[in-house]
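Predicted model, so just to flag it, every value in this text is computed and none were measured.
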Amino acid sequence: MEETSARPGNFIRTIIDGDRKVGKNGGLVVTRFPPEPNGYLHIGHAKSICLNFGLARDYGGRCHLRFDDTNPAAEDVEYVDSIMDDVRWLGFDWGEHLYYASDYFERLYQWAEQLVLAGKAFVCELTPDEQRAYRGTLTEPGKNSPFRDRSVEENLDLLRRMRAGEFPDGAKVLRAKIGMASPNLNLRDPIMYRIKRFHHHRTGDRWCIYPMYDWAHGLSDAIEGITHSICTLEFEAHRPLYDWFIEQLPGVHHPQQVEFARLNLDYTVLSKRMLIELVTGKHVSGWDDPRMPTIAGFRRRGYTPESIRDFAERIGVAKADSVVDTGMLEACIREDLNTKAKRVACVHDPLRVVIENYPEGQTEEFEAPYFPDDPPKMGHRMLPFSRELWIEREDFMEAPPKGFYRLAPGKEVRLRFSYVIKCTGVIKDDAGKVVELRCTYDPETKNANPKDGRKIGGTIHWLSVAHAQKAEVRLFDRLFTVPAPAGDKERNFKEFLNPNSLVVLKDAYVEPSLSSIEPGARVQFERKGYYFVDPIDSKPGAPVFSRIVPLRDSWAKQSKGGK
RNA sequence: AGGGGCGUCGCCAAGUGGUAAGGCAGCGGGUUCUGGUUCCGCCAUCCGAAGGUUCGAUCCCUUCCGCCCCUACCA
């Protein structure tokens, strides 16, 4: 609604502001998100979606959702459905403006005849190999097709017969007559139509010729009155062709194509081809595997649409190739959930603690706020306490390094919302593994600091053995072990798959109240991270918790980094 | 190599003739019954390099270097 954007400037907004200043398009801004329904949307598409819909929103215009379904060989309704789900989930609404390039096939065809009539297109019978040879190279001009000088009448007849299905697949193509000497290969008499007998998800078997991207895309934009056709950098060299086709058709609206750098994220791959390979090769459980960089994957992982939109906002839009640190995305989801998620407890890797001076059979309860930083905000629950507890195995060290302020022999720690305990004994099995800790508690420390002024270093989470509920916890890590898995020329990206990207904890315990938590809920397990109650695998009374993102951990950094 | 683009802090990214925003990460410190959060402070004398124009340039010119894209009847 605002006249100019109040958001961080980017070159596209600069272009739009300039256009509006001179009254171009009557000041209107109409964008579109044009996915080909041949795969699931990923985080890179999210950037484009946020950009296009965001621009339309900020300038009081509109954004269309248009399926670029010009190649039935690769497309499928499964994908159009998933794409609509994903765009909606991200929080955008195309209103009445849902379109399909296939809806324009007839119009496109009529325009093609118009080009033929104008002597600007011809039917060519060169095979793909021959065409390649005629195309020339980057440094040498191509040669004219021997079919280039057919008469208008013959071209028109052939085109009509191509449409009528008189020729086999691949026998002929319709080409634009632009010139074979252009230094821009895209302009060397590009193909407009190919014969391809595939059942189309919308037009069925009505067509056996399908338009190529360059021919269909710009004109689809034109038909819809798009003002700014935003695409990624690799289409920059196609812009002259985009413009050429439109200029050949007098009176047709001419949108402006603007290119920006696509998103790259480290430690993952963002190409449809590779993503499909991960799915079909069963390297992941599906398009919505929580480790996948797909929108469906982030959704299943527990990311919020708000956090993804915020991410798109933060990374900006520019023309320089770049690779964004995944930490940026993690910062977004942490920031979002920090104010929304209830704090609860989960012991991931349990170690038994027996409080020797606590009466057997006794139980008491502690009030624990769901949002300690602002207790009234989310209320509280009661945490049962008893003689035997579970604590996190990593919260105990027999020989702690300096700086470790959790539990160790002879040392004290605070049990969150409870007492201070002191480790008085360590019990090990035959293999020397610690299997139980003996401790004593200080009854004076319930909701109070030690009377004698002793300083207690740390606070750890815990669960009463008798009351804790078992739960499955899934920990996800980056899918690849290297920052640029797709960047190695010798090695296939799958060789860099991280074998530990999924760790399933079957013996984790959560506090009693959590056994009935609703699927789709997000919580913070204190000192651990943010978790999502998996909406698919959770069963009544048996929630499955997926770790969305761990909490920042300066101890891990300090102890690992050695500084 | 022909064409088209791009090079500003470890990673993103504003600025574009008047003397380097912001975010992420990092570092130091305060608060804290989450080694979380939060708060305070630090973090590019320099904008790929070299020349030139100018009172003055990251922004203008020249040359050079580096990276990306384009030779699919894919999009």
Side-chain angles (χ1 to χ4, degrees), chain A residues 8-11 34-36 38 68 70-71 73-75 124 126-128 131-133 135-142 169-175 182-188 191-196 209-210 212-214 216-217 231-240 259 261 263 266 272-273 311 313-332 334-335 338-339 343 345 368 372-373 403-406 413-418 420 445 447-449 456-461 524-529 550-559 563:
Chain A
N10 67 48
F11 77 102
E36 181 188 13
N38 69 343
D68 222 340
T70 58
N71 181 12
E75 298 154 9
C124 182
L126 251 24
T127 64
Q131 262 199 65
R132 202 181 346 272
R135 187 155 34 227
T137 67
L138 293 177
T139 52
E140 305 150 20
D169 285 9
K172 293 177 172 52
V173 294
L174 180 71
R175 291 228 258 164
S182 172
N184 181 341
L185 294 283
N186 298 125
L187 258 22
R188 319 247 258 228
I191 293 173
M192 295 165 65
Y193 280 100
R194 73 281 213 189
I195 302 173
K196 203 168 193 171
I209 59 173
Y210 289 95
M212 296 289 288
Y213 167 84
D214 290 298
H217 199 89
C231 62
T232 43
L233 251 29
E234 66 269 29
F235 292 100
E236 212 151 19
H238 290 247
R239 193 185 338 131
E259 312 84 8
L263 170 68
D266 61 6
K272 275 190 194 172
R273 194 208 96 220
F311 173 70
E313 203 70 58
R314 292 197 205 188
I315 58 177
V317 179
K319 294 195 70 162
D321 293 309
S322 60
V323 182
V324 176
D325 186 336
T326 298
M328 187 85 88
L329 228 194
E330 296 181 337
C332 292
R334 284 194 191 104
E335 185 178 298
N338 179 41
T339 55
R343 270 59 170 172
D373 289 333
F404 181 84
Y405 45 87
R406 273 112 99 154
V413 270
R414 160 133 248 144
L415 294 181
R416 172 129 253 224
F417 305 126
S418 173
V420 168
T445 55
N447 270 318
N449 287 320
I456 305 302
T459 298
I460 64 175
H461 57 283
Q524 182 196 99
F525 284 152
E526 285 195 302
R527 307 208 305 131
K528 296 310 246 174
L551 251 26
R552 289 177 61 198
D553 186 350
S554 58
W555 165 246
K557 213 168 350 193
Q558 175 187 339
S559 53
K563 10 173 97 173

**Study point:** Whole-Å distance separating the NZ atom of K557(A) from the C1' atom of C24(B)
**Key:** 12 Å

Between N or O atoms, less than 3.5 Å apart, protein on one side and nucleotides 8-13 of chain B on the other: list the pairs.
{"residue": "C11(B)", "atom": "O3'", "partner": "V323(A)", "partner atom": "O", "Å": "3.1"}
{"residue": "C11(B)", "atom": "O2'", "partner": "V323(A)", "partner atom": "O", "Å": "2.9"}
{"residue": "C11(B)", "atom": "O2'", "partner": "D325(A)", "partner atom": "N", "Å": "3.4"}
{"residue": "C12(B)", "atom": "OP1", "partner": "V323(A)", "partner atom": "N", "Å": "2.8"}
{"residue": "C12(B)", "atom": "OP1", "partner": "V323(A)", "partner atom": "O", "Å": "3.3"}
{"residue": "C12(B)", "atom": "O5'", "partner": "V323(A)", "partner atom": "O", "Å": "3.2"}
{"residue": "C12(B)", "atom": "O2'", "partner": "I315(A)", "partner atom": "O", "Å": "2.8"}

Revision key, fill the gap. On a heavy-atom basis, the closest approach of A345(A) and F525(A) is C-CD2, 4.1 Å

Check your understanding: Does some side-chain heavy atom of R416(A) sit less than 4.5 Å from a side-chain heavy atom of R527(A)?
Key -> no

**Study point:** Nucleotide U37(B), atom C1' - distance to CZ of R527(A) in whole Å
**Key:** 15 Å

Practice item. Report which part of the nucleic acid R406(A) touches: base, sugar-phosphate, or nothing (heavy-atom distance under 4.0 Å, all strands). Key: base

Point to revise | Shortest non-hydrogen contact from A216(A) toward T70(A) | key: CB-CG2, 3.8 Å

Practice item. Just call it for S182(A): base, sugar-phosphate, or nothing, with non-hydrogen atoms closer than 4.0 Å on any strand. Key: nothing

Check your understanding: For atom P, what is the distance between G29(B) and A13(B), given to the nearest Å?
Key -> 33 Å

Check your understanding: Mind pulling the stems RNA chain B is in, i.e. runs of at least three Watson-Crick or G-U pairs, everything under 3.5 Å?
Key -> B:2-7 with B:65-70, B:10-12 with B:22-24, B:26-30 with B:38-42, B:48-52 with B:60-64

**Study point:** Base G36(B) to side chain D373(A), donor-acceptor N/O within 3.5 Å cut-off
**Key:** yes

Review point. Checking all strands, does R552(A) fall into the base, sugar-phosphate, or nothing category for heavy-atom contacts under 4.0 angstrom?
Key: sugar-phosphate

Check your understanding: Mind checking the P distance from G36(B) to C24(B)? Whole angstroms is fine.
Key -> 16 Å

Check your understanding: Within the side chain of R334(A), is there an N or O that forms a donor-acceptor pair under 3.5 Å with the backbone of P550(A)?
Key -> yes

Check your understanding: Does R343(A) put a side-chain nitrogen or oxygen below 4.0 Å from OP1 or OP2 of G36(B)?
Key -> no

Practice item. Take atom C1' in G30(B) and the same atom in C55(B), then report the distance between them in whole Å. Key: 48 Å

Check your understanding: Base, sugar-phosphate alone, or nothing: which one does E140(A) contact when heavy atoms must sit under 4.0 Å apart?
Key -> nothing

Review point. Which whole number of Å gives the distance between the P atom of U45(B) and that of A21(B)?
Key: 12 Å

Review point. Which part of the nucleic acid, if any, lies within contact of G403(A), taking any heavy atom under 4.0 Å across all strands shown: a base, the sugar-phosphate backbone alone, or nothing?
Key: base

Check your understanding: How close do R188(A) and E140(A) get, heavy atom to heavy atom, and via which atoms?
Key -> NH2-O, 2.8 Å

Review point. NA contact type, Y210(A), heavy-atom cut-off 4.0 Å: base, sugar-phosphate, or nothing?
Key: nothing

Check your understanding: Where the side chain of E75(A) meets the backbone of N71(A), is there a donor-acceptor pair that is under 3.5 Å apart?
Key -> yes

Practice item. Could you state the atom-to-atom distance from CD of E236(A) to P of G4(B) in whole Å? Key: 11 Å

**Study point:** Gap between atoms CZ and P, on F311(A) and A25(B) respectively (whole Å)
**Key:** 13 Å

Check your understanding: Whole-Å distance between U34(B) C1' and Y405(A) OH?
Key -> 11 Å

Check your understanding: To the nearest angstrom, how far is Q524(A) atom CD from C33(B) atom C1'?
Key -> 14 Å

Practice item. Sticking with atom P, work out how far A44(B) lies from U38(B), rounded to a whole angstrom. Key: 23 Å

Practice item. Of all the heavy-atom pairs spanning L185(A) and T137(A), show the shortest one and how long it is. Key: CD1-O, 4.0 Å

Check your understanding: Quick one: what's the B/S/- string for nucleotides 70-75 of chain B, heavy-atom cutoff under 4.0 Å, read 5' to 3'?
Key -> BBSBSB

Review point. What's the shortest heavy-atom distance between L126(A) and R175(A), and which atoms?
Key: CD2-NH2, 3.9 Å

**Study point:** Interatomic distance, W555(A) CH2 vs U34(B) P [rounded to whole Å]
**Key:** 17 Å

Point to revise | Mutual orientation of the aromatic rings belonging to H238(A) and Y213(A) [parallel < 30°, tilted 30-60°, perpendicular > 60°] | key: perpendicular

Check your understanding: Can you find a heavy atom in the side chain of I460(A) that is under 4.5 Å from one in the side chain of L415(A)?
Key -> yes

Review point. How far does the C1' atom of G23(B) sit from the matching atom of C9(B), given to the nearest Å?
Key: 13 Å

Practice item. For the residue pair L551(A) and E526(A), establish whether any side-chain heavy-atom pair is separated by less than 4.5 Å. Key: no

Point to revise | Side-chain heavy-atom pair I456(A), N449(A) within 4.5 angstrom cut-off | key: no

Point to revise | Separation between the P atoms of C11(B) and C68(B), rounded to whole Å | key: 16 Å

Review point. Looking only at heavy atoms, which two atoms of C332(A) and R314(A) are closest? And how far apart?
Key: SG-NE, 3.6 Å

Exercise for review: Calculate the interatomic distance between H461(A) atom NE2 and G36(B) atom P; express it in whole Å.
Suggested key: 15 Å

Check your understanding: When rounded to the nearest Å, what value does the distance between C1' atoms of G26(B) and C65(B) take?
Key -> 30 Å

